[in-house]
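The analysis underlying the following values was restricted to heavy atoms, covering all of them including side chains, and did not include hydrogens, waters or symmetry mates. Counting begins at 1 with the first residue of the sequence.
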Amino acid sequence: MVAEVMNMKEENKKVSKLFRKRWVVPSIYLLSAALILTGVLWFQNKTNDIVQPPVDEQTEQGTAVNEPESVPVQQAVEQIIMPVLDPNAVEIAKPFYDFHASAEEQEAALVSYNDEYYPNKGVDIAMKNGESFDVTASLSGTVVKAEKDPLFGYVVHIQHDRGVVTVYQSLKDVQVKTGDTVKQGQVIAKAGTSEFNKEAGVHVHFEIRKDGQAVNPVAYFDQPLSALEQQTEQQETNEEKTNEQQSDPSSTVPDASIGMART
């Protein structure tokens, strides 16, 4: 027993001497760190070996599965504008004939030709000083007619969406031809005169026709084409009344729909 105790004391002395050396403690720390690092790397490798669930292609490309599809930005909708460069420099020389207007207003909207009176199916626009001016496209569209008429001067018709056609009469120096595509505000001609409405002097006769039926342009300025869809059956009745006011079919004068001459 005494011998064992003596041996233990000797071993303790050796250990104490060993730890007194400077390189022993740092060596132990390095060995411990190496063991810990080895354990961490081993654990990570085991984790990577676990089978991962499949990744959705759409998600992998950076698009969330439940993310709504993007909506394209709508193009700006054109609004009907007066067919002139400067609306403040012109005036309505003769208004549209409205069957619901007063007798005085209706009289002001009649066009006199060869001792006959015809309801104005558009508006006659003139400069306040009586001079000529540039006539522009009220809306973007395609020119479907560009020709000279013996009664109405040069005439231009432009086709638009929703069955809408804008009509320009009493023109001169026309700058477009049939088949041309024009942009809103583009100059198409200059204001001139016509045999049919000499009293208006230098002017442009402007109409808006929806499915062949004339509507009051002033009521739709600064409005989109969709506003024309709100036409009522009363307007169709008005058209029938206009037809009843036409002259003898054998006559060579134009009918009540300005811009259409009888043959």
Requested in this report: Answer yes or no: is there a side-chain heavy-atom contact under 4.5 Å between Asp124 and Asn197?
Outcome: yes
Query - Co-membership, hydrophobic cluster, residues Phe99 and Leu110, 4.5 Å side-chain - result: yes
Query raised in the report: How long is the span from the CD1 atom in Ile125 to the CD1 atom in Ile92, to the nearest 0.5 Å?
Result: 4.5 Å
Report task. Give a yes or no on whether the backbone of Pro224 and the side-chain of Gln79 come within a donor-acceptor separation of less than 3.5 Å. Result -> no
**Report entry** Check: Lys94 side chain, Ala108 main-chain N or O, donor-acceptor pair, under 3.5 Å
**Finding:** yes
**Report entry** Heavy atoms from other residues, nucleotides or ligands near CG of Asp173 exceed 12 (cutoff 6.0 Å)
**Finding:** yes
Query raised in the report: Do you know which two heavy atoms are closest between Lys210 and Val164, and how far apart they sit?
Result: CD-CG2, 3.7 Å
Query raised in the report: Any donor-acceptor pair under 3.5 Å linking the side chain of Asp149 with the backbone of Leu151?
Result: yes
Query raised in the report: Do the side chains of Ser194 and His203 get nearer than 4.5 Å, heavy atoms only?
Result: yes
Report task. Would you sort out whether Ile81 and Phe221 count as a side chain to side chain contact (heavy atoms under 4.5 Å, CB included), showing the intermediate values? Result -> CA-CA 5 Å; Ile81 61 174; Phe221 285 147; 5.8 Å; no
Requested in this report: With rounding to the nearest 0.5 Å, note down the distance linking CD in Gln175 to NZ in Lys190.
Outcome: 7.5 Å
Query - Nearest atoms (heavy-atom pairs only) where Ala189 meets Lys172 - result: CB-O, 3.5 Å
Report summary line: For Glu207 and Gly122 the tightest heavy-atom approach is CG-CA, 3.7 Å
Query - From CA spacing to verdict: side chain to side chain contact (heavy atoms under 4.5 Å, CB included), Thr142, Asp180 - result: CA-CA 6 Å; Thr142 302; Asp180 285 353; over 6 Å; no
Query raised in the report: Heavy-atom distance under 4.5 Å between the side chains of Asn120 and Phe96, does that happen here?
Result: no
Requested in this report: Treating Ile, Leu, Val, Met, Phe, Trp and Tyr as nodes and any side-chain heavy-atom pair under 4.5 angstrom as an edge, say whether Tyr220 and Val218 lie in one connected cluster.
Outcome: yes
Requested in this report: Would you check if Thr136 and Ile188 make a side-chain contact, meaning some heavy-atom pair closer than 4.5 Å?
Outcome: no
Report task. State whether the number of non-hydrogen atoms from other residues, nucleotides or ligands found under 6.0 Å of Gln186 atom CD is greater than 12. Result -> yes
Query raised in the report: Taking the side chain from Glu195 and the backbone from Pro150, do they hold a donor-acceptor pair closer than 3.5 Å?
Result: no
Query raised in the report: How long is the span from the CD atom in Gln223 to the CD1 atom in Ile208, to the nearest 0.5 Å?
Result: 10.5 Å
Query raised in the report: Are any side-chain N or O atoms of Glu105 and backbone N or O atoms of Ser102, one a donor and one an acceptor, separated by less than 3.5 Å?
Result: yes
Query raised in the report: For atom OH of Tyr154, is the number of surrounding heavy atoms from other residues, nucleotides or ligands below 6.0 Å larger than 12?
Result: no
Requested in this report: Using a 4.5 Å cut-off on heavy atoms from C-beta on, say whether the side chain of Val174 contacts that of Val156.
Outcome: yes
Query raised in the report: Are any non-hydrogen side-chain atoms of Tyr118 and Phe196 less than 4.5 angstrom apart?
Result: yes
Query raised in the report: How long is the span from the OG1 atom in Thr178 to the CD atom in Glu147, to the nearest 0.5 Å?
Result: 7.0 Å
Query raised in the report: Does Leu171 belong to the same Ile/Leu/Val/Met/Phe/Trp/Tyr cluster as Val176, with side-chain heavy atoms less than 4.5 Å apart forming each link?
Result: yes
Report task. For residues Leu85 and Phe133, determine if any side-chain heavy atom of one lies less than 4.5 Å from a side-chain heavy atom of the other. Result -> no
Report task. Indicate the atoms forming the closest heavy-atom contact of Asn88 with Lys128, along with that distance. Result -> O-NZ, 3.2 Å
Query raised in the report: With no hydrogens and no angle check, is any side-chain donor or acceptor of Ser132 less than 3.5 Å from a backbone partner on Ala191?
Result: yes
Query - Minimum heavy-atom distance Met127-Glu91, with the two atoms named - result: O-OE2, 4.4 Å
Requested in this report: Apply side chain to side chain contact (heavy atoms under 4.5 Å, CB included) to Val143 and His157, showing your working.
Outcome: CA-CA 6 Å; Val143 178; His157 291 197; over 6 Å; no
Query raised in the report: Does Tyr168 have its ring centroid less than 6.0 Å away from the ring centroid of Phe206?
Result: yes
Query - Which atom of Gln184 lies closest to which atom of Ser138, heavy atoms considered - result: NE2-O, 2.9 Å
Query raised in the report: In Å, rounded to the nearest 0.5 Å, how long is the span from CG of Asp222 to CE of Met82?
Result: 8.5 Å
Query raised in the report: In Å, rounded to the nearest 0.5 Å, how long is the span from CD of Gln213 to CG of Leu228?
Result: 10.5 Å
Query - Stepwise side chain to side chain contact (heavy atoms under 4.5 Å, CB included) test for Phe152 and His205 - result: CA-CA 9 Å; Phe152 309 110; His205 175 79; over 6 Å; no
Query raised in the report: Heavy-atom distance under 4.5 Å between the side chains of Val84 and Asp134, does that happen here?
Result: no
